[in-house]
Every structure is written in structure tokens, then in C-alpha cells.
Undergrad: 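Please find one structure pasted underneath; my questions will follow.
Throughout, a chain's letter reflects where its sequence line sits, starting with A, and its residues are numbered from 1.
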Number of protein chains: 2
Amino acid sequence: MGRRERKKAATRQALADAALRLFLDRGYDQVSVRDIAEAADVSTTTVFKHFPSKEALVFDQDTDQEAALIAAVRDRPEGVSVPDALRDHMLRLHADGDDDPGLARFIELTESTPALREYGRRMWMRHEAALAAVIAEDAGAPEGDPACAALARFALETVGFARGRSDSRRAVEAAFDLLAHGWSVAARRMS
Amino acid sequence: MGRRERKKAATRQALADAALRLFLDRGYDQVSVRDIAEAADVSTTTVFKHFPSKEALVFDQDTDQEAALIAAVRDRPEGVSVPDALRDHMLRLHADGDDDPGLARFIELTESTPALREYGRRMWMRHEAALAAVIAEDAGAPEGDPACAALARFALETVGFARGRSDSRRAVEAAFDLLAHGWSVAARRMS
DNA sequence: TAAAAAAGTGCAACGACACAACTTTTCTAG
DNA sequence: CTAGAAAAGTTGTGTCGTTGCACTTTTTTA
């Protein structure tokens, strides 16, 4: 990696770090892009050369969730259904927030800020097509099969559904209970 | 109704009309709030006294969809399950767009504009709590029961899910097929 | 009927973001 | 090793959505 790309990555990182620090400190709406630019010692417009929007500053680290999602379906243990594998994956995601306090702070920030909640949801839902594709492939259904797409959509929705609910674990389980039975019938029809 | 309220309603209507006309004519992003204000001969600030945001100008007519939704569940014919009743309701909504050309233009506008799509979705999803409540009441489940809430959320999601899909009717049906079986099991457990 | 409460309206301004012109830095071809 | 292409960064300027403050008008109450 050349010096150029290293410097670019460095400014990008500096911006994301400064943004997160300021957001956690003062709250998202109380920090302007100018503040962030100044904290990272660059001009305001430079921020938008690195990030498409103010919200994108928060969701910098792309912890390739899509790959994990796909792996959860494809590499599930023998005898486990697709909905069950997805349910376990979602519950695991929830559990991650419980031990890492930094991640918990991050989640609390994104949940309490409407703009960030929406943005995060959009990012998360982008994986619908990819998830639907693995499900279809796994079930031997044609690409773009509505039942597979619906399962993908609903499964992804569960994390948004669980938020703000008193018992989020139970909410996820109830949601997947709803999906599991219908899926077993649909899957039987396919193969 | 006093003279004051009449004038207020008049300006509000003038704004909504001007906005819709301009949006359909030039496209949402090509029309500024200042344009709309000028077309209705008021100042820019006045627009926001009547509507909370630019998007709200489009969704002016509140065709109380929530009541229809609740009625679809509560007044469903004997022997029809809740998911089936909701599926029929959603399919009926889709059919509405096919005969009224004005509504079709409106839908096309909201679907092709990202900001409007998001806003419309948020408005639509607001009914989740109310829908979950009737479902719970109907099933004899406690208020806030996760399974009922999940069914409400997923049922509302189906309209967003069907959009942009080649065969939207089939998409809705596939989605409800997924829900119906799981629901019959859950409902059995309750009563 | 006078005063106070409430509602309507507008000006100026802020914050996010786009765009263009220009400078500086890094990479690459000869 | 150097000239110049290419990319990164800066500055300035402007647009658009949205809001706070001040002002005016209408309605209500004493």
C-alpha cells in the first residue's frame, strides 16, 4: 500500500474517530460537520470527500456483517433449519452488545438518534438481496423466489423489531417461531 | 367553523395542491420549498407552520388507513384467520392503485423518490402498535404479546416488500404463506 | 371595549451538502 | 531523474431544508 493510500486512510480514520468521540460526548445533533472537520484539522468539504453523509461517519467500520449472515446460513450445522440458524445468529448479535461496553455505548447512540436509527436500518436491510440469494440457493429454489426473499426480509427485520421492546430476546424468538413453521412447509414444496 | 380556521384550511390546501402539482410536474427533488411557498403566495416559513416537513406536503390527505386496518381484522368474516384477513386487505390496497390513474401517479411519485419512500414507510409503520393491539385482543393474548406484535410488524412490512418486485401479488401471498402457518400454531397455544 | 392570549407571517440565519477553481502531493512514463 | 498526469485537499460560493425571533393580525376574555 503506497504512501498516498496510507495518508488517505489516516485522515479517514481521524475523521471517524473524532466524529465518534464528539458524538458520544455531546450527542449527534449537538455536533456539526464543521466541528468534526476542525477536530481532525481538515476543511469541511474534505469530510464529504471521505464520507457521503454525516451519518456515514458513525457507521465507518464495516465489520462485514453480510458475510457473517451468509455464513450463518451456509455453514449451519447438519439438521438445523434456515430460520433456526438465522435466529441463532440474530441472538448472537444481541449478545455481543452485552459484554463489550464500547459497543454498548455505540448502540445506545445509534438507537437514541432518529437519523442514525434510520440510516443504520437502511444499511442493514441492504443485505436482503444477498441473504435471499443464499437461502434460495440452499433450498434449491430459483433466484428471486418470493418465499425466500420474504424470509430474508423478515429475518433481517427481527433486529429492528426487537429494539425498544422490554424482552428483546423473547421478541426475536417469537418472530422466528412465526416464520419457522411456514418455512418448513414452503421448503418441503421446493426440494 | 370560524373565519380564521377557514382561512387556515384554505392556505393549507393551497400549499398541498401547489406542492403535488409541482412535484408531479417537475419531480420531487427539482422543486424547492421556496417554489411551493411562492406558488401558494406565502413565505417559506409559513409552509412549515402548516406541515412539519417537505415530505409531509405529499402525504396530506389522511385517508385513515389505521381504522381500515383495524376493521379488516375485527370485522373479518367468520372462519377467516387473522393473517388471511390481512393478506386480503393488503391485496385490496394494491388493487386500488390499478383503477384510479391519479392515485397511480401519486404512488409512482412516492415510490420513485427515496425520501418519500422512506417517509411513507415510517407513516405506514406507525400503525404497528394499534394493529398489534387488535390482534392481541382478538386472540385473547395479553397486550404487548411478542407474537402478535411480530405478526403486525410483518404484515405491515409486506407492502414495502411487494414494491419493486416483478409480481407484487405473488410476493404478498408468499409472505403471508410464511406467516399463516406459524400463526395458527401460536394462536392455538393462546386461546 | 380594552387588554391579553393565540395564531399567522416573515426575515435572517444555521447546518448539510454540492460544485467549481485552484494548490499541493504522489505516482508514473520516458 | 524529471515532467506531467492524477488524485487529495482547500477555499469559496451557493442551494435547500428547517428554525428562532420579532412582528402583525385575529380571536377570546375581563
Undergrad: For S43(A) and dT10(D), is the shortest distance between a side-chain N/O and OP1 or OP2 below 4.0 Å?
TA: yes
Undergrad: Could you check whether V47(B) gets within reach of a base, just the sugar-phosphate, or nothing at all, counting any heavy atom under 4.0 Å?
TA: nothing
Undergrad: For K49(A) and R34(A), find the nucleotide of DNA chain C closest to each by heavy atoms; which residue's nucleotide sits nearer the 5' end?
TA: R34(A)
Undergrad: Nearest-Å distance, CZ (F51(A)) to P (dA18(C))?
TA: 15 Å
Undergrad: Does dG15(C) have its OP1 or OP2 closer than 4.0 Å to a side-chain nitrogen or oxygen of S32(A)?
TA: no
Undergrad: Measure from CD on Q30(A) to P on dG15(C) and round the result to the nearest Å.
TA: 11 Å
Undergrad: Find the distance L15(A):CG to dG9(D):P and express it as a whole number of Å.
TA: 9 Å
Undergrad: May I have the distance from D29(B) (atom CG) to dA18(C) (atom C1'), rounded to whole angstrom?
TA: 13 Å
Undergrad: Check whether any side-chain N or O of T45(A) sits under 4.0 Å from OP1 or OP2 of dT10(D), and answer yes or no.
TA: no
Undergrad: May I ask you to verify if any side-chain N or O of H50(B) is less than 4.0 angstrom from the OP1 or OP2 atom of dG8(C)?
TA: no
Undergrad: Can you tell me how far P of dA8(D) sits from CZ of R12(A), to the nearest Å?
TA: 12 Å
Undergrad: Rounded to whole Å, how long is the line connecting atom CD of E38(B) with atom P of dC16(D)?
TA: 12 Å
Undergrad: Going by heavy atoms in the side chains, are F161(A) and E128(B) under 4.5 Å from each other?
TA: yes
Undergrad: Apply salt bridge (charged side-chain N to carboxylate O under 4.0 Å, His left out) to D35(A) and R26(A), showing your working.
TA: CA-CA 11 Å; D35(A) 295 338; R26(A) 283 187 241 162; 3.4 Å; yes
Undergrad: Quick one: is K8(A) getting a side-chain N or O under 4.0 Å of the dA7(D) phosphate, OP1 or OP2?
TA: no
Undergrad: Mind checking whether F106(A) and F59(A) have parallel, tilted or perpendicular rings, split at 30° and 60°?
TA: perpendicular
Undergrad: Would you kindly compare P52(A) and D41(B) by the position of their nearest DNA chain C nucleotide and give the one closer to the 5′ end?
TA: D41(B)
Undergrad: Do the side chain of S112(A) and the main chain of L109(A) share a donor and acceptor less than 3.5 angstrom apart?
TA: yes
Undergrad: Expressed as a whole number of angstroms, how long is the span from K7(B):NZ to dA6(C):C1'?
TA: 17 Å
Undergrad: Separation of I36(B) atom CD1 from dT15(D) atom C1', in whole Å?
TA: 15 Å
Undergrad: Just to be sure I understand the rule, does T44(B) reach a base, reach only the sugar-phosphate, or reach nothing, if contact means heavy atoms closer than 4.0 Å?
TA: base
Undergrad: Are the side chain of H94(A) and the backbone N or O of M90(A) linked by a donor-acceptor pair below 3.5 Å?
TA: no
